[in-house]
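Take a look at the structure below.
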Amino acid sequence: MIYPKIPLAQSIIQICLAKGIQHIVISPGSRNAPLTIGFTGNPAFKCYSIADERCAGFFALGIAQQIKKPVAVVCTSGSALLNYYPAFAEAFYSQIPFIVISADRPKNKIDIGDGQTIRQVNVFQNHSLYNANLTEGESEENDFKINEAITIAKTKKGPTHINAPFEEPLYLKTKKLTVDPTLSGFMKVFKKISIEDIIASTNIWNSAKKKLILIGVNDPNEIDQEVIEAVANDPSIVVMTEVTSNISNDSFLNHIDAIITPFKEKDFKAFQPEILITLGGMIVSKRIKSMLRTYKPEHHWHIDPLRAYDTFGTLAYHFEATPNDFFRQVLPFTKIVKSDYAANAGKLQKDRKAKHQTYLSKVPFSDLKAFEIILSKLPKHSQLQISNSSAIRYALLFDLDSTISVFCNRGTSGIDGSTSTAIGAAIGSGRQTTLITGDIGFLYDSNALWNNYIPKNFKIILMNNGGGGIFRILPGHEESAVFNTYFETAHCLTAEHLAKMYGFEYRTASTTESLVEAINNLIAENDKPQILEVFTPTRENEKILIQYFKELA
């Protein structure tokens, strides 16, 4: 076994090892050489080398998203560290365990004019669950801080930062471990809803005829089938889900925008819930947010073991429990209330589906038509990663096979890092993974392809509509040179040469027929990673989508 000579580096590595950190994503550099030597010198760690720190951060985030355990990223000092911030913020808002270990210059070298020195202490403070600002040398205080950073990342499901100053020489090695770090275990916390809270909530529950359960980003298999069936069979409950909810039932309203976009005031009032129960992470639909902020529920409860956001300005109570624990403890005390709330929602959904199918049968090739084809062709039991902006919004409008797991970086909802995250997730899950991404997000994160670990069965479906198409469907769109340049980011670029440079199989589609053929070939071939670039008409996509919502009414 090879160890770094510097004791502080040995302590970090040994504590990571003891606390079960397995995946280490290293951004090459000099100041972090002691950590690189130690992590790569121990076969217990699976190490990856990703040169671009922003890509490295999202790559690690994708692995952590899948394995549900902290993944560490390691970088040199200076500006390298700042490039982890987008992934760090995403980990915070998406509740993903994530640890940044940064090498730093000694304290006396900061702010004296040395190169690659910045103020690294507490640099992530606004989004970090814990900052372990270490000092040079071995100490119990350092060990305590390293332990805390790892424990909090794991138990609180979020990002932490370990900042370690190293003095030269940095590359000295030893075969003998010279530290005996202090270790602490993980605390197991069991939370039970109090009988007082159960009584209070069920008293309200049993008198309400309109209960809406709104499920945001949610991991697959997080909610038991008997819980799903219990709420699905209650006539006073309507359940609304999104594609990122990873939950399925025939009675659930799984196309929120299609349901409520045609609403008039009387429809909003009829649908307005007395009780709103939210669970899972961020909601994509702006329309449901707007509705619930205007037509407010009398009671809003959020169910999550860790955090609650007052998204609609009406949060009354945060039940610090998992959805399974909440419903298992509360449902036995509830009773069925006579109501037509769920029945009316079912009729509404049936009507919308019929109009949806009628419109799609006559629509020309476009983003909307392409998503219908793509989502219907994805293989069962695979993983789907979706980029932000228009891609995730189009995906909300279609059914997806219930065996497909869906993920999207909805914590910050940024376009940066979707490709890097998808590649990390493919490695973390070991499943066939397809990324559906827009052209701007793909180009923005194109360094993600500079990666030696991409699985052969990894596939990218790139929707190229010549710019940021979502801005054409937002209020205020006005055709002009300023709009095309500064809002939409119009371009004539393709992925062809990127695919060739990075060893991807490349194919294209620009019609319904060519897309069907291309996606069938894409799914069938798994000998090398692939990019399918789908070209859609920039100026027509907006009109087709707007008409879609009109015809639903």
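Please read all numbers here as calculations on a predicted model, not as lab measurements.
Asn147 places a side-chain N or O within 3.5 Å of a backbone atom of Ser184 that can act as its donor or acceptor partner. Listed for the Asn324 side chain is a donor-acceptor partner under 3.5 Å among the backbone atoms of Glu222. Proximity of a side-chain donor or acceptor of Thr278 to a complementary backbone N or O of Leu214 within less than 3.5 Å is not detected. For the pair Lys377 (side chain) and Asn520 (backbone), a donor-acceptor distance under 3.5 Å is absent. Side-chain N or O atoms of Glu533 include none that pairs as donor or acceptor with a backbone N or O of Leu462 at under 3.5 Å. Side-chain N or O atoms of Arg31 include one that pairs as donor or acceptor with a backbone N or O of Phe166 at under 3.5 Å. For the pair Thr437 (side chain) and Ser387 (backbone), a donor-acceptor distance under 3.5 Å is absent. A donor-acceptor pair under 3.5 Å is formed between the side chain of Asn218 and the backbone N or O of Ser245.
Glu167 CD: more than 12 foreign heavy atoms inside a 6.0 Å radius. The number of heavy-atom neighbours closer than 6.0 Å to CG of Asn108, taken from other residues, nucleotides and ligands shown, is above 12. Within a 6.0 Å radius of CD in Gln225, more than 12 heavy atoms belonging to other residues, nucleotides or ligands are found. By the neighbour-count criterion of 12 heavy atoms within 6.0 Å, atom NZ of Lys289 is densely surrounded, having more than that number from other residues, nucleotides or ligands.
Under the salt bridge (Lys or Arg N to Asp or Glu O under 4.0 Å) criterion, no residue pair touches residues 423-434, with sequence neighbours excluded.
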What do the steps show when you test Gln14 against Asp180 for side-chain contact (heavy atoms from CB on, under 4.5 Å), and what is the final call?
CA-CA 9 Å; Gln14 292 307 114; Asp180 183 18; over 6 Å; no
Please determine whether side-chain contact (heavy atoms from CB on, under 4.5 Å) holds for the pair Ile50 and Tyr453, giving the CA-CA distance in whole Å, both sets of side-chain angles, and the decisive distance to 0.1 Å.
CA-CA 10 Å; Ile50 305 291; Tyr453 313 99; 4.0 Å; yes
Please assess Asn526 against Lys456 for the test side-chain contact (heavy atoms from CB on, under 4.5 Å), listing each intermediate value before the final yes or no.
CA-CA 6 Å; Asn526 293 302; Lys456 291 181 179 180; 5.8 Å; no
Using the rule given for side-chain contact (heavy atoms from CB on, under 4.5 Å), can you reason through Asn464 versus His491, listing the C-alpha separation, both sets of side-chain angles and the distance that settles it, and then say yes or no?
CA-CA 10 Å; Asn464 191 337; His491 68 87; 3.6 Å; yes
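Between Phe504 and Phe458, the ring planes lie perpendicular to each other; the angle is over 60°, past the 30° to 60° tilted range. The aromatic rings of Tyr93 and Tyr309 lie tilted to each other, with the angle between the two planes from 30° to 60°.
Atoms CD1 and CG, on Ile303 and Leu279 in that order, are 5.5 Å from each other to the nearest 0.5 Å. To the nearest 0.5 Å, the span separating CG on Leu532 from CD1 on Ile461 amounts to 5.5 Å.
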Cut-off 3.5 Å, no hydrogens considered: what does the side-chain donor-acceptor table look like for residues 59-68, sequence neighbours left out?
| residue | atom | partner | partner atom | Å |
| --- | --- | --- | --- | --- |
| Gln65 | OE1 | Gln385 | NE2 | 2.9 |
| Gln66 | NE2 | Gln383 | OE1 | 3.1 |
| Lys68 | NZ | Gln65 | O | 2.5 |
| Lys68 | NZ | Asp219 | OD1 | 3.2 |
| Lys68 | NZ | Asp219 | OD2 | 2.9 |

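Salt bridge Glu496/Lys500: absent, no basic N to carboxylate O contact under 4.0 Å. Under the 4.0 Å criterion applied to side-chain N and carboxylate O atoms, Glu525 and Arg507 are assigned as salt-bridge partners.
Between the side chains of Ser77 and Gln120, no donor-acceptor pair is found at a separation under 3.5 Å.
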